[in-house]
Chemist: 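Take a look at the following structure, please.
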Amino acid sequence: MATPNITPERADLGLITPEELSASSVSKATSRKVPADSQPGSATAWTEGQKILFRIAFVFFISMSLPNSLDWYKELVSFDWLHLHYRDLYDIARFGSGLTLFGNKLFGSTLNGYAPWIITLIFATVVGLIWTTVVRNRQIINYNLLYYWLRVVVRYRAGIGIIGFGFTKLMPTQLPYPSLGVLNTNFGDLTAQKIYWLSIGIVPWYEVFTGVVEVLAGALLFFRAYDGGVHGYSSYFVLLSGFLLIYYLKDLYNLLIRERLTIPNYFVPVFSGWQQYARIGLKTTTIGLFLVLLFWLQYVNFRYDPYKQPAQKGLKELRGNYNVTQFKLNGAELPYSPLDSLRWQQATFENWTTLTFKVNKPVELDLSNGGGAPMRDINRTFELTGVAGGQRVFYYEADTVHHVLYLQDKNRGARNQENREFLGNNRDLGGTSEGAKARLRGERRKGDKQETDNWIPKEALAIIGPEDPKINPIARSTRRTKGIEAENRPTKRNRMILSYTAQNGGQRVILQGINEKKDSIYVVLDRIQRPYALSESTLKAGSY
Amino acid sequence: MPYSDTTFANPQTFQQAELQTDSGWTSVEKGIFRFVFLYFLIQILPLDPQFFRNLVSFGGGYTRYLFNLSHYAPRFVGTEDSFANWGIVALVALIGSVVWSQQDDRKTNYDALFYWLRVALRYRLALGVIAYGFIKLFPLQAPLPSISNLNTAYGDHTAWKLFSLSLGVVPSYESFLGQVELVGGLLLLHRKTATIGTLILLPFLGNVFFSNLAYEGGEYVYSGLLISFGLVLFAFDAIRLFRLVSLEVAAVPNRFHPIWREQWQQYSRLALKGAFIGLTVLLYGFTTYTTYRQGSIRFPKTPGLAGAAGIYNVSEFKLAGKTLPYSKTDPVRWQDVVFEKWNTISIKSNRAVDLVNDNTEQLSATDAGRDYEYAGSQGRHYYRYTVDPTGRLLTLKNANPHYPNETLQLTYTKAGDGRIILAGVDEKRDSVYAVLDKLDKKYLIDEAAKAGRRGSLKL
């Protein structure tokens, strides 16, 4: 009555109908595994059109997969491999690709950043066509072999890149949980970009989950058998993954849509002797670097020096949310009014060295994404970028002997882009060469500038101490030391010097001194319990 | 039985292949299958009291009707979805499969049963995702935030509310998610593309499931159910795909196809399929589009006072004749007041809110049931108001069900230049007098879009 469905199990047992077998002319032995002696060239015949397309694709994807700047190679050899920072390896994993030799613009437009792709494509087409005329009618290239190696390069590029991105989420440092200052900011006073970042930051365990998925996807790409199963998430990786997927498209269509018996005929070169060792060595190094070492560095970074969040501990007795009970400006008391453009409305000391307070006065905003992995806490601006609503965010250094806070405005408005000058070694904000040059300039200038800029007395400076060693020694790195040094160049910022008195363990805090306009202020802060509707994070970056 | 014969996909190639063997099912496979079959059969049956209530609840338009109807799962215990219901289904299925295994099943065609199970699951899953797909394609599920929501501190929203608000501020992205869901759902309606559909839907639904867990949403059981349907569908082709792509060995396609011997069978198949597409794709898509054009399904429909929408500073505030100064700590002094475009007034004060935590998705036909604006948001009290015929007397009722008897009666006077004076009695029958001045509030979401990320903006 019924004839059977032919299951893969039956194929394994050799129970496929003779017709099926003759139709595909393979034995059951070959259906189990592609024969190891499959000879290059015998697998697929290439038409001339396919060859031309392939040549273009070859040049295109090689250009898109290899680092496009010399600095990348320089960095690779100049790293202090014994004191690595997590971002060192991350930068290696996320190098820029595509031809930028001819600039980043096409017809004067960056095309949303896709111009290098198109330039590369034009370049690849030209080279591919030249290649075609040069090799005309000569059978010197094994295209199956070349295709195989091209796919190896693309797989590793995609794998390393995806892991790099995945790891920043695996330990939720890339998208941190919102600071108290941000929690106190109205939803409508945030940029859409900020809302997106925060929406993931508030669920760190979900962030970890997506990180795991990404790292797994990336790791699987180191193994040929899995390269069809990975879908990318950013357009660059979508491009690379799409290219890898093309290889399987015909067979998938045949099997699922046409419902035909499908026997794959994938080309695999045969490795022997030293080749085998080289292959295993390369694979082991890649996995060791980008899975094991990167994981360790990431963990240490998350634990002690989360790069989007300040790393130094804030004063314990000050931490919390405060109501501004009393506010005097030059001796005159200002009553609370939401419309007053001078009086503080609320204040917050974060777990780290930040004081936030709200004033009803517009301020130039920093609309960047607060990234760039600066090393100094004062330059870690995620708590203020894309945030309006009158929030003022100040970095403080505390002289705990004389109870004085030396505060500097973290917000530099649109000037924050100048950061790229002194954030050397940083591709987030522009080319590395630019950063390096700026660093040189900065060093030259340092001598004469530092003497004029002694707003913190020497005695207090000695008590405050240098920033670099203030985190757990295990997390210290050459990148941090160099970065702090480079970022130390004084910049124009609003400053306040305020003495602090904490009463009843910080239930009441009195600040008095000179504000950013050189007016004297006297502020009485009373701590408030402010329960949030948003659940507190159970996975917190940093140690405070 | 019309479907008891099996043919090959391509009769030209395999014409002589008429094998007369058993269908290749081992007894263990059969045992597992009987359980799977019964388990999923029960899971797609509407054994949910809510389903029958939805079946006869016609108010509020077709989109609301079909969406609520599509959103069912068998429920035996509790008022909310829980995995305990899955356990009960599994238990019943287990007993059923034991009974079944005692029967003589030599005539049972397991290929055919599996086929029909997949048909049922395909349409059930398609219904589920298409219902969600359209209300995302036309961004109704997560609307643009209300003025009150924009003027609530980030930390005063629950994670689930923030998830929805964050999606709501990027309607184009919400539409894109809807497209993905719809493409996946539509691919399920065609047998040969069903596996590709599940390949699109499984990562999508997996993400929905984990988002629900992470953001403390209420739909994790339901999305888990849809995932389990997708997994069964995908499992049919999973081994083939694994062999082809990973092991790189030969893969045999599906060989079972139902045979339609009678004309009427062909016709009824087409009629059923046509009805499904007509009702859940064409009609539902159309009504969802018109609903979107007319406004929201999550905020009240009743319009508010003309020209009043906005946020107001409370410049002066008297309670029982006594003027209270500005204060962020006083529990009775109003800090600011929002008039929405609809008949909602929200008041910010330092009086704690007993939070409404509605994190499931049922669309309400009445304004009273539309709780999106205050669900999961504290910091403000929300009142729905009615206006008497003179247009001057407002009756405010606290919308939060935790405050059922809170009513304020306030006269409404426009004093010009964006000033509104409210005077009357508050919820404690005290006399209240408030002078409201409209604030020229600019929201960074809009302003930043104008300025661009590298631009300069003072706010």
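Chain naming here is simple, since letters A, B, ... match the order of the sequence lines and numbering starts at 1 in each. These numbers come from the heavy atoms of this one structure, side chains and all, not from hydrogens, waters or symmetry mates.
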Chemist: Without swapping roles, check the side chain of B/Y215 against the backbone of A/I202 for a donor-acceptor pair under 3.5 Å.
Modeler: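 No, because the side chain of B/Y215 does not come within donor-acceptor range (under 3.5 Å) of the backbone of A/I202.
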Chemist: Does any non-hydrogen side-chain atom of B/L162 lie less than 4.5 Å from one of A/S199?
Modeler: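 Sidechains of B/L162 and A/S199: no contact.
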Chemist: Begin with the C-alpha distance, continue with both residues' side-chain angles, and end with the deciding distance and a verdict on side-chain contact (heavy atoms from CB on, under 4.5 Å) for B/L165 and A/I195.
Modeler: CA-CA 9 Å; B/L165 292 173; A/I195 288 168; over 6 Å; no
Chemist: A/L249: which residues meet the side-chain contact (heavy atoms from CB on, under 4.5 Å) condition with it, sequence neighbours left out?
Modeler: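 With neighbours one apart ignored, the set is empty.
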Chemist: Going by the angle between their ring planes, with limits at 30° and 60°, are B/Y154 and A/F187 parallel, tilted or perpendicular?
Modeler: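 Because their plane-to-plane angle is under 30°, the rings of B/Y154 and A/F187 count as parallel.
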Chemist: One pair to check against side-chain contact (heavy atoms from CB on, under 4.5 Å): B/I445 and A/L190. What are the steps and the verdict?
Modeler: CA-CA 6 Å; B/I445 297 171; A/L190 304 166; 5.9 Å; no
Chemist: Side chain from CB out, backbone as N, CA, C, O: work out which of these in A/P204 comes under 4.5 Å of a heavy atom of chain B, or both, or neither.
Modeler: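 Interface part for A/P204: neither.
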Chemist: So which heavy atom on B/A250 is nearest to which on A/I263, and how close?
Modeler: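 Closest approach of B/A250 to A/I263: CB-CG1, 3.3 Å.
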Chemist: Run the numbers on A/L339 and B/N313 for side-chain contact (heavy atoms from CB on, under 4.5 Å), then give the verdict.
Modeler: CA-CA 9 Å; A/L339 305 178; B/N313 182 46; 3.4 Å; yes
Chemist: Apply salt bridge (charged side-chain N to carboxylate O under 4.0 Å, His left out) to residues A/D189 and B/K442 and explain how you reach the verdict.
Modeler: CA-CA 8 Å; A/D189 289 329; B/K442 291 196 169 66; over 6 Å; no
Chemist: Please test B/D237 against A/L255 for side-chain contact (heavy atoms from CB on, under 4.5 Å), starting from the C-alpha separation and ending with a verdict.
Modeler: CA-CA 9 Å; B/D237 279 323; A/L255 181 70; over 6 Å; no
Chemist: Could you check if a side-chain atom of A/L534 sits within less than 4.5 angstrom of a side-chain atom of B/E216, using non-hydrogen atoms only?
Modeler: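 When only atoms from C-beta onward are counted, B/E216 and A/L534 do not touch, as no gap falls below 4.5 Å.
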Chemist: Keeping the roles fixed (side chain from A/E259, backbone from B/V252), state whether a donor-acceptor pair exists under 3.5 Å.
Modeler: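 Absent.
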Chemist: Give the member of B/S327, B/P145, B/P325 that has the highest number of heavy-atom pairs under 4.5 Å with chain A.
Modeler: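 Result: the option with the highest number of such pairs is B/S327.
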Chemist: Measuring only between side-chain heavy atoms, which start at C-beta, is B/L213 closer than 4.5 Å to A/Y206?
Modeler: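 Side-chain contact under 4.5 Å: no.
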Chemist: How would you list all residue pairs meeting salt bridge (Lys or Arg N to Asp or Glu O under 4.0 Å) that involve residues 348-359 of chain B, not counting sequence neighbours?
Modeler: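 Residue pairs passing salt bridge (Lys or Arg N to Asp or Glu O under 4.0 Å), neighbours aside: B/R351-B/E406, B/R351-B/E427.
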Chemist: Does some side-chain heavy atom of B/P253 sit less than 4.5 Å from a side-chain heavy atom of A/L261?
Modeler: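 Sidechains of B/P253 and A/L261: in contact.
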